[in-house]
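As the structure is a computational prediction, the values presented were derived from the model and not from experiment. Sequence positions, counted from 1, serve as the residue numbers for this chain.
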Amino acid sequence: MQTCFYLLFFFHIAEGCTITDYKPVSITVSSGGSVELPCSCADPKDKTSSLTWSYRKKEIVIFSAIYPTDETNRYRGRVQLVDGAAPGHFTIVISNLTVVDGGMYRCRNEKQWSNFRLFDLTVEAPLVTSKTTTSTPKQNGGSKTTTSTPKQIGGSKTTASTPSPGIVVSPERLPFVPFALVTVIFLHFIVAVVYCRTRKKDSSRVHFSRAGDGSVTLEL
C-alpha cells in the first residue's frame with residue numbers, strides 16, 4: 001500500500017501542472033500595444049517548470065517555442081512572465097506587438113502533450129489619417145488656420161459660383177440692331193429674286209393679235 005502511494009506521488013510530480021480551462025480564446029489587439037495570455041495550473045501548488053509557450057502562423061502546423069526559450073528570435077525582450085513568483089501561474093505578457101505577431105499561441109505541459117491551451121491572436125494595424133494645416137495672415141495681424149482633410153481619389157466636386165451682394169447679373173441678349181439689319185437685307189434679297197424672275201417671264205411671253213382685215217400680228 002505504501003509503495004502504491006509513493007508511485008502515485010511520483011507520477012503526479014512527473015506529470016506536473018494540469019492546465020485549467022482548455023477552451024480556445026480569440027483576442028484582437030492593435031499594433032504597438034501588448035497582450036496578456038493567461039495560463040495556470042489547476043492545483044496552485046503544482047510547479048510550472050514543465051510548461052512552455054509556443055507560437056505558429058495560422059497557415060502553419062508546427063509550433064515554435066517562444067518562452068522560456070525563444071526559437072524564433074523575435075520575442076526576446078518582449079515576453080515577460082506575470083506573477084512569476086506565484087506558484088501555479090504561467091501567464092505571459094507580449095509587448096510591442098506588430099501585425100506579423102498574429103497567429104496561434106499555445107501554453108502546454110511538455111510532459112502531457114494533450115494538456116494545453118490555445119489563443120488565437122489577431123493584431124490589427126492602426127488607422128492612418130493625414131491632416132494638413134495651413135496658416136493665412138489676417139488684416140488685423142493675426143492668422144487664420146485652415147485644416148484640410150484628404151478627399152477620395154477619383155471623385156469630382158463641382159461648385160457653382162454665386163454673385164456677390166449688390167451686383168446684378170443680367171442674362172445675355174443677342175444684339176438687336178445687327179439682327180434686324182440682317183433680316184431686312186434678307187427680305188430685300190428675296191424681293192429682288194422674285195422681281196427678276198417675274199420680269200424674265202414677262203419678256204419672253206408672245207402675244208398674237210388679229211386685225212380686222214384678217215392679218216395676224218406677233219408681239220414679243
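Taken to the nearest 0.5 Å, the CD atom of Q112 stands 5.0 Å off from the OG1 atom of T18. Interatomic distance, CG of D46 versus NE2 of H89, reported as 11.5 Å (0.5 Å rounding). I94 contributes atom CD1, which lies 9.5 Å from atom OG of S34 (distance to the nearest 0.5 angstrom). Note that CE of M104 and CG of L118 are 4.5 Å apart. Values are rounded to the nearest 0.5 Å. Rounded to the nearest 0.5 angstrom, Y55 OH and D70 CG are separated by 11.5 Å. The OG1 atom of T91 sits 8.5 Å away from atom CG of L37, with the distance rounded to the nearest 0.5 Å.
Partner of T122 under the side chain to side chain contact (heavy atoms under 4.5 Å, CB included) criterion, chosen from T28, I27, V99: T28.
No continuous path of hydrophobic side-chain contacts links I66 to I60 [ILVMFWY only; heavy atoms under 4.5 Å]. Residues V123 and Y105 share a single hydrophobic cluster, defined by chaining ILVMFWY side chains whose heavy atoms lie under 4.5 Å apart. Residues I19 and I92 fall within the same hydrophobic cluster, defined by Ile, Leu, Val, Met, Phe, Trp and Tyr side chains chained together at heavy-atom separations under 4.5 Å.
Listed by chain and number, the residues in a ring-ring contact (aromatic ring centres under 6.0 Å, His included) with F63 amount to none (sequence neighbours excluded). With sequence neighbours excluded, no residue forms a side chain to side chain donor-acceptor pair (under 3.5 Å) with S64.
The minimum heavy-atom distance between N109 and S50, with the atom names listed, is OD1-OG, 2.9 Å.
At most 12 heavy atoms of other shown residues, nucleotides or ligands fall within 6.0 angstrom of atom NZ in K47. Around the CD atom of E36, the shell of radius 6.0 Å holds more than 12 heavy atoms that belong to other residues, nucleotides or ligands. More than 12 non-hydrogen atoms from other residues, nucleotides or ligands lie less than 6.0 angstrom from CG of L187.
Screening residues 32-72 for disulfide (SG to SG under 2.5 Å) gives C17-C41, C39-C107 as the qualifying pairs, with residues at least two apart or on separate chains. Here salt bridge (charged side-chain N to carboxylate O under 4.0 Å, His left out) pairs that include residues 96-110, with residues two or more places apart or in two chains, are R74-D101, R78-D101, R108-E110. Within the structure, salt bridge (charged side-chain N to carboxylate O under 4.0 Å, His left out) pairs that include any residue of residues 114-124 comprise D21-R117, K58-D120 (at least two apart or interchain).
Using a 4.5 Å heavy-atom cutoff, the side chains of V29 and L121 are in contact. Looking at T52 and T69, their side chains never come closer than 4.5 Å, going by heavy atoms from C-beta outward. Residues P126 and S31 meet the side-chain proximity criterion, which asks for heavy atoms closer than 4.5 Å.
Using cut-offs of 30° and 60° on the angle between ring planes, the pair F90 and W53 is parallel.
Judged by distance alone, the side chain of E71 and the main-chain N or O of A65 form a donor-acceptor pair under 3.5 Å.
When hydrophobic residues (I, L, V, M, F, W, Y) are linked wherever their side-chain heavy atoms come within less than 4.5 Å, the members clustered with V193 are F189.
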